[in-house]
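Numbers here simply count residues along the sequence, with the first being 1. Note that this is a predicted model, so its numbers are computed, not measured. All ligand and atom numbering here is 1-based and tracks the order in the structure.
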Amino acid sequence: MAPVQFQSKLYLSLSLLLFLPSTVTSQSYRNVPLGSSLTTESNSSWLSPSGEFAFGFQQIAPDGGYLLAIVFDEIPERTVAWSANRNNLVPRGSKLELTTSGRLVLTDPSGRHVWSPNSDPASHAAMLDTGNFVLAANDSSTLWESFQEPADTLLPTQTLEQGSQLIAKYSKSNHSQGRFKFILRRDRNLFLHATHYPEMRAGISYWPPAAGGQYYYTGDRVVFNQSSLSLDLILNNGTVVFPVFNNNRGSSSRDFYHRVTLDYDGVLRYYEYPKSNGKNSNKVWSSVYFKPPNICTAVTGDMGSGACGYNSYCELVNDQNPKCSCPPGYVLKDSYDESKGCIPDFAPQDCRLQEGNSDAFELVDMPAVDWPLHDYESFEFYTEDMCRQSCLSDCQCALVVYGKVLLEEEKSFVEWKSSIRQDREIVSQSEEI
Ligand SMILES: *[C@@H]1O[C@H](CO)[C@@H](O)[C@H](O)[C@H]1NC(C)=O
Ligand SMILES: *[C@@H]1O[C@H](CO)[C@@H](O)[C@H](O)[C@H]1NC(C)=O
Ligand SMILES: *[C@@H]1O[C@H](CO)[C@@H](O)[C@H](O)[C@H]1NC(C)=O
Ligand SMILES: *[C@@H]1O[C@H](CO)[C@@H](O)[C@H](O)[C@H]1NC(C)=O
Ligand SMILES: *[C@@H]1O[C@H](CO)[C@@H](O)[C@H](O)[C@H]1NC(C)=O
């Protein structure tokens with residue numbers, strides 16, 4: 001009946017009081033002795049002394065699998081800050097054990113090892129108040145810590161070392177590794193990259209911006225500084241090379257939870273959540289800083305589908321969040337997964353037929369929409385009308401983009417407009433609705 005978790009807040013605050021004055025390193029906290037275990041059924045977890053973080057199983061969907069995760073335990077959403085098996089959810093009946101020989105092992109109901117950190121045998125484990133779960137040796141030195149293998153989130157005091165990265169979730173509800181990464185590469189350059197998904201190889205970088213500014217930010221590590229609550233790229237001697245998020249809001253760790261997460265949409269966001277115990281109904285994570293400023297226009301390159309899936313377009317909606325949509329006449333390929341892009345909702349024109357049936361097609365305008373790169377043809381001195389005609393009479397043309405150069409205060413910029421080529425019938429049908 002050995003209780004493996006000291007869930008009583010009374011006990012915990014007592015131990016805090018005892019420990020705090022003597023600046024004992026946080027690692028000396030030992031709440032998980034050898035021989036402890038968690039199961040998906042027990043609905044228990046290993047809590048940090050403050051009770052703010054919990055290490056345990058999280059069921060992802062009502063009938064879905066379980067994630068072994070560190071969560072913000074005192075907020076209703078129980079937001080995941082780290083997870084061990086994001087690509088490999090385990091079914092009910094799985095077990096996490098800190099064995100008597102000092103190994104942490106996640107096994108599924110058949111006894112198969114699903115995950116185990118690469119560490120020397122530990123003498124105990126601890127869920128710390130920083131949100132870091134550690135395996136420690138007898139002398140309290142850290143053998144392994146969740147902070148050194150981040151998933152998609154950084155917490156205050158955490159650092160991102162050279163060669164480490166955050167990988168975004170696949171979608172809002174799917175915790176698998178997705179299409180974007182935030183990485184401090186071994187060449188010391190800091191980037192946001194789209195990957196060659198499902199390969200995790202970095203593809204185009206979309207931050208820092210390549211045009212009109214800094215191409216590289218180079219440093220030794222990224223620290224989430226707990227006192228300034230800034231996310232800084234620093235040199236070994238502590239010099240801040242570049243403040244990724246320079247927090248000047250004056251919101252303390254005492255009053256707010258803080259996290260930096262690379263979200264599934266490719267945006268790196270700094271979030272705050274008020275801790276106040278009052279029944280404040282609109283307590284939510286608010287994104288107070290983010291990079292890049294416009295994900296829709298940032299993710300371009302001669303390969304990949306941009307910020308959204310193929311054939312879909314991206315626009316910033318409330319709070320600068322990207323929204324992916326299908327152009328008129330197109331529908332989601334997979335209605336449960338918008339990242340799979342859009343497909344035409346009409347039969348393509350048969351190019352073996354003569355020009356004759358181009359009458360069956362027409363262009364639907366989308367003002368202020370550009371489809372950058374990947375063009376198969378470009379004409380320089382065409383009017384909008386000539387552009388339209390050339391697309392309508394070309395059975396391979398899916399859309400035409402018309403760019404008009406405007407001059408304003410001696411600066412020129414291009415106003416884009418695109419026209420989607422599609423079956424007339426589709427349009428008339430949707431107009432009737
Ligand atoms: C598991 O724990 C959570 C959080 O404490 C609680 O909301 C939930 O109802 C529990 N589920 C079961 C099956 O006991
Ligand atoms: C911890 O230290 C004690 C005393 O030095 C030693 O007997 C014991 O084997 C150590 N345990 C581990 C797991 O290293
Ligand atoms: C999450 O998405 C990946 C990639 O599409 C897929 O292989 C996996 O089955 C999904 N996981 C869940 C739980 O839906
Ligand atoms: C955090 O910021 C403070 C104040 O700017 C600075 O004195 C301290 O050295 C920083 N800590 C780290 C780990 O960079
Ligand atoms: C830190 O290191 C950089 C590069 O080596 C050097 O330029 C800078 O002067 C150093 N700063 C301090 C405070 O030592």
Side-chain angles (χ1 to χ4, degrees), residues 25-26 40 57-69 80 83-92 94 108 114-115 130-132 145 147-148 151-152 154-162 164 167-181 184 187-190 194-201 216-253 258 260 262-266 270 304-305 308-310 312 324 332-341:
T25 62
S26 46
T40 53
F57 289 105
Q58 280 291 111
Q59 193 167 16
I60 289 310
D63 54 352
Y66 289 81
L67 196 61
L68 177 61
V80 171
S83 66
N85 59 323
R86 56 192 304 206
N87 288 332
N88 216 348
L89 298 183
V90 290
R92 193 172 166 80
S94 299
D108 72 9
V114 175
W115 174 82
T130 51
N132 193 10
E145 52 186 337
F147 269 15
Q148 87 198 19
D152 63 358
L154 293 172
L155 299 175
T157 73
Q158 191 166 3
T159 66
L160 193 68
E161 306 290 336
Q162 281 165 47
S164 355
I167 298 183
K169 293 197 297 193
Y170 181 79
S171 70
K172 200 168 196 160
S173 56
N174 181 329
H175 290 255
S176 290
Q177 290 180 333
R179 298 174 49 220
F180 302 101
K181 58 166 68 175
L184 181 60
D187 65 9
R188 300 172 66 244
N189 290 324
L190 186 65
T195 69
H196 291 275
Y197 189 84
E199 238 194 335
M200 280 299 131
R201 189 163 52 92
Y216 301 108
Y217 297 118
T218 306
D220 294 311
R221 65 177 60 84
V222 174
V223 301
F224 199 149
N225 187 317
Q226 180 157 40
S227 58
S228 64
L229 289 169
S230 297
L231 191 74
D232 295 323
L233 176 64
I234 64 168
L235 298 179
N236 282 329
N237 65 14
T239 304
V240 176
V241 182
F242 176 72
V244 181
F245 294 120
N246 192 2
N247 193 334
N248 49 21
R249 293 167 48 81
S251 49
S252 70
S253 301
H258 301 261
V260 167
L262 179 59
D263 283 322
Y264 69 95
D265 56 17
Y270 187 118
S305 64
C308 294
Y310 286 106
S312 44
C324 298
L332 283 179
K333 184 175 171 202
D334 175 346
S335 54
Y336 296 103
D337 184 357
E338 67 177 26
S339 72
K340 294 223 162 78

Should F57 and V90 be marked as a side-chain contact (heavy atoms from CB on, under 4.5 Å) after you check the CA-CA gap, both sets of side-chain angles, and the distance that decides it? CA-CA 9 Å; F57 289 105; V90 290; 4.0 Å; yes
Run the side-chain contact (heavy atoms from CB on, under 4.5 Å) check on S305 and R179 step by step: do they pass? CA-CA 11 Å; S305 64; R179 298 174 49 220; 3.4 Å; yes
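Those atoms of ligand 5 with a heavy atom of L235 less than 4.0 angstrom away are 2 (O), 3 (C), 4 (C). Close approach to Y197 involves these atoms of ligand 3, each under 4.0 Å from a residue heavy atom: 4 (C).
With hydrogens and angles ignored, the 3.5 Å screen pairs no side-chain donor or acceptor of S312 with any backbone N or O of G341. H196 places no side-chain N or O within donor-acceptor distance of the main-chain N or O of G304, the cut-off being under 3.5 Å. At distances below 3.5 Å, not a single donor-acceptor pair connects side-chain atoms of D232 with backbone N or O atoms of V240. Side-chain atoms of Y270 come within 3.5 Å of backbone atoms of L229 as a donor-acceptor pair (strictly under, hydrogens ignored).
Protein residues with a heavy atom under 4.0 Å from ligand 4 are V223, N225, S227, S228.
By the 3.5 Å distance cut-off applied to N or O atoms, S176 is not counted among the residues near ligand 3.
Under the rule for a salt bridge (charged side-chain N to carboxylate O under 4.0 Å, His left out), the partners of D108 that lie at least two apart in sequence or sit in another chain are R112.
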